Each structure stands twice: as structure tokens, then as C-alpha cells.
2 protein chains.
Amino acid sequence: MGKTGHPGRRRTLSEQDILDAALALLAEGGADAVTIRGIAARVGVAPNAVYTYFPDKAAVVRGLAEHLLGRVNHDRFTDPSQSWRDRIRAFALELRAELLAHPGSVHLMLSHPPDGPHTQAVRETLLAILADAGLGRAAADASYLINTHLLGSVAFEIAAPPDDPEARTTRFRWAVDRLLDGLAAHVATVRVERSAPR
Amino acid sequence: MGKTGHPGRRRTLSEQDILDAALALLAEGGADAVTIRGIAARVGVAPNAVYTYFPDKAAVVRGLAEHLLGRVNHDRFTDPSQSWRDRIRAFALELRAELLAHPGSVHLMLSHPPDGPHTQAVRETLLAILADAGLGRAAADASYLINTHLLGSVAFEIAAPPDDPEARTTRFRWAVDRLLDGLAAHVATVRVERSAPR
DNA sequence: ACCTGAACACCGTTCAAGT
DNA sequence: ACCTGAACACCGTTCAAGT
């Protein structure tokens, strides 16, 4: 199906092959190792052949970030039997773990902000939780606050000298709890406004 | 004074000349434009001559970040006549403005975390305010929370498409206020522990 | 000590050409 | 349509040599 064009054409590669190679390079050598030439060498092709699948390096990097965000399981955060605080805590910890597992991914996302379907799915999951929490119109700002803290936090952790990883997790949880306290205080404000609109 | 060594030597450059050139390149072309060869060309010297003043590019970049942090005026944040909330708000807004004025500086700091005297001065100013706020042992974690949010926030703002700058400032202030609410709630907790130690 | 010229080992990207 | 070889315009860094 689809318009495969002429049938006699070679398509030795797929976009996924390229993203897999990029992911492997990211895992082995960090963000600096994610290189068009390195990807090409890893999939056994000339460097410029990569440009058949992606228009430029930025597109490859966005695809890579998308691929990473596609690995998060949303179901655990939409379960309404848990409190919104617990759900956001779990959400933040899961994404942090995913980003920490791929050092350099944060720098890639900060320099080339992704905006594909997986990215939007993650954004909407977070927005749904915040709406459940009762943040109303401020849900978007709260989402921005959490994303911002998450990326900044992981970027710092990767750049900083490797001290005790358990202490870093504790520090991250502490920060998230302060954030949640701040959001909870604002929820109370919103509630007051809503019950006394004038 | 000092040990200038042999008097007949040329010293056409200073470390400051190199940092000034790097700052100009950062202002003109962003983080990617900060390049050893570009700096050398701008100060009128062969590329490898830069290695006489700095051991490698990372050192230049750290020096550049240091230079930027040296521009913040600490006095405005140590004034005890203002509330700690106002002082942290001013601190965050000032640093954000300084970083936004030099697009790319955040990426430089995130990839090469600075640790010179100006960096430490900024850190200690923030710690002092947080100690004033009554955060006690949690001051370090709170400082980390604010730094993390600040850098992540600015990185996001620079990477995102240039929408209304005033709206972005409003969003930033909103986020800082949520953070302060969260910290204030924790101050109350600390106070309770201190007045009832057993 | 400070600077130069030349080189090494890389980059991303483009172009012309082959199938 | 997809791939190759060759090239262009860059990087950071090192080395040997000059003063």
C-alpha cells in the first residue's frame, strides 16, 4: 500500500535504523558523539546518504528525542485512583530516569525542542493531571513550570561531578515536593475564586 | 609587580581580551559562534595562540560564564529591609535578564558548569537569603531548586519560538511565585521542628 | 613566554554522477 | 529514489620552529 514509487528501488535503510544508530551513539559517547558521519558509518552507508531520510542533523536529533519520549508509559499517570500529587511525582521521576539513562539527551532537547506526536502526548498527559488537580486556567503555566524544572534539573545532574546518585534522587524528590506544595497552594486560591466569582 | 619573568617578552593580549572577543561572538551568533578560531581571528592572532592563555576551549567557556556572573550586583539582594520573597524574586529576575541578554550563555553553563569566584559569590548570596528565610539545613536544596528552575527556564525560552516576551516574563514570575509558596510552606515545617525538637 | 605555519583528525552539508 | 565519491568550509588541538 502507499505510494512506494518504482518497485525496483533499493531501500537498504529505514528512518528507524538511523534513529537506532543515533541512540546507540548517544549511549556510548554522549551528545557530542551523535554525528551524521558516525551514524552513517554505523549503518554502513556514505555520510550524505543520511540526508535521504532526514533533511538535516536537527531533524535527526528531534526524531531521536521523540523516540525517547515514546518510551514512557502514560497509563500509570492517568490512573485516577491515585492523588494528583502522587501522579505528578511518578511522572517527574519516570521522565527524569528516562533522560538520565541517556546522557546528552537533555542537551539535545534543550537545543532542538521536539514537537512530534510523542512529545505532545507527554504534554497532554501532564496537562490532564494538572486539570484534575483543579488548576484550571493555570494548568499550562504549571506544566511549563514542571517541564522547566525537570529539564534544568537533569541537565545539572549530568553536568555536575558524579556524587552520590541516591542523594541526587532525594534532592530531586525534595524539589518536586516543594513545587507540588506551591501548586497546591495555588489550587486553593483558584477554588476560592471559583466559589466566590464576584 | 609579580613575577613577570623576562622583561623583553611580548604580551599583546590579555585573558580579558579573549573573553571580550568570546562575549562579542556570543552576542552576534549565539553559542555556536563561540569558537577558538573565531576568537583568535577577532583578536588578530593565530588560532593556537589562544592556548597560551587558556588550556582548552572548556576553560575559555567557563571564564566567559564567570565574566557574565560577575556583572550581577549583589547589594540589591542582601538588603535586609526587604522580605526574603522579594529579594529572591529580584535575584531570579536579574539573573534571568542577564542570561537572556546573552543567548547561548545558558547552554554554555549547562555543558560547562562554572565554578569560579563570581559563581560562588552568586551561590553564597542566594544561600544567605535562604538562610534569612529560615530554611535552615534545607537552604542548599532550596538553592539548587532555584538555580535549576532558572537555568531550565531560560534554556526553554531561548529554544522556543519567539512569542510575546512580556507573556514569558509573566509566566516566569508566576513560576517563581509558586516556588516561593512551596518554600514558604517548608519554612513553616522547619519552624515547627525547631520549636518542638523532641 | 609567546607567537606562527603546518598539520591531524574530525565536523555538517552540497554537488555531480551513477543505478 | 537512493546511494556514492569528492569536495567545501569549517572545527579543536598538537607539534616543531622561530623570537
Side-chain angles (χ1 to χ4, degrees), chain A residues 1-26 28-65 104 107-108 110-112 159, chain B residues 1-26 28-65 104 107-108 111-112:
Chain A
M1 56 188 68
K3 37 177 175 177
T4 334
H6 296 256
R9 281 289 139 244
R10 310 259 183 78
R11 41 191 157 83
T12 61
L13 265 51
S14 72
E15 299 192 1
Q16 261 307 314
D17 290 333
I18 290 180
L19 291 182
D20 288 343
L23 197 65
L25 290 173
L26 182 66
E28 290 170 11
D32 291 346
V34 178
T35 204
I36 295 285
R37 294 180 114 102
I39 292 170
R42 186 170 260 264
V43 297
V45 102
N48 45 2
V50 174
Y51 291 88
T52 307
Y53 301 90
F54 294 91
D56 52 23
K57 191 190 174 183
V60 176
V61 164
R62 274 192 298 267
L64 181 55
H107 282 199
L108 297 183
L110 285 177
S111 48
H112 307 281
Chain B
M1 56 188 68
K3 38 177 178 175
T4 335
H6 298 258
R9 280 289 139 242
R10 310 259 183 78
R11 42 190 155 85
T12 61
L13 267 50
S14 72
E15 299 192 1
Q16 261 307 315
D17 291 332
I18 291 180
L19 292 182
D20 288 342
L23 198 65
L25 291 172
L26 181 67
E28 290 171 10
D32 291 346
V34 178
T35 205
I36 295 286
R37 294 180 112 101
I39 292 169
R42 188 170 259 266
V43 295
V45 101
N48 45 4
V50 175
Y51 291 90
T52 307
Y53 301 89
F54 293 91
D56 52 22
K57 190 191 175 182
V60 177
V61 165
R62 273 192 298 267
L64 181 55
H107 283 200
L108 297 183
S111 49
H112 306 281

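Just so you know, these numbers come straight off a predicted model, no measurement behind them.
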* How many Å lie between NZ on A/K57 and C1' on C/dG12, as a whole number? -> 8 Å

* Asked: C/dC2 phosphate, OP1 or OP2: any side-chain N/O from B/Y53 under 4.0 angstrom?
  -> no

* With rounding to whole Å, what would you report as the distance between D/dC15 and C/dC3 at their C1' atoms? -> 14 Å

* Asked: Just how far, in rounded Å, is P of D/dG12 from NE2 of B/H112?
  -> 11 Å

* Structure fact -> Rounded to whole Å, CG of A/D56 lies from C1' of C/dG12 at a distance of 10 Å

* Asked: Under 4.0 Å between a side-chain N or O of A/T12 and OP1 or OP2 of D/dC3?
  -> yes

* Side chains of B/T52 and B/L13: does their closest heavy-atom pair fall under 4.5 Å? -> no

* **Nearest-neighbour nucleotide for the B/L13 side chain, C/dC3, C/dT4, D/dG12 considered** => C/dC3

* Along DNA chain D (nearest heavy atom to each residue), the more 5'-positioned of A/A46 and A/R37 -> A/A46

Could you pull out the protein-nucleic contacts involving nucleotides 14-17 of chain C (nitrogen or oxygen on both sides, under 3.5 Å)?
from: C/dT14; atom 1: O4; to: A/N48; atom 2: ND2; distance (Å): 3.3
from: C/dC15; atom 1: N4; to: A/N48; atom 2: ND2; distance (Å): 3.2

* Asked: Do any side-chain nitrogens or oxygens of B/T35 fall under 4.0 Å of OP1 or OP2 in D/dC10?
  -> no

* **Consecutive-pair stems (3 or more, Watson-Crick or G-U, under 3.5 Å) for DNA chain D** => C:4-8 with D:12-16, C:12-16 with D:4-8

* To do: Mind calculating the distance between CG (B/L25) and P (D/dC11) to the nearest angstrom?
  => 10 Å

* B/D20 side chain vs B/L23 backbone, donor-acceptor pair below 3.5 Å -> no

* Asked: So, do B/F54 and B/L19 sit near enough that their side-chain heavy atoms are less than 4.5 Å apart?
  -> yes

* Whole-Å distance between D/dG12 P and B/D32 CG? -> 11 Å

* Considering only side-chain heavy atoms of A/I36, which listed nucleotide, C/dC2, C/dT13, D/dC3, is closest? -> C/dT13

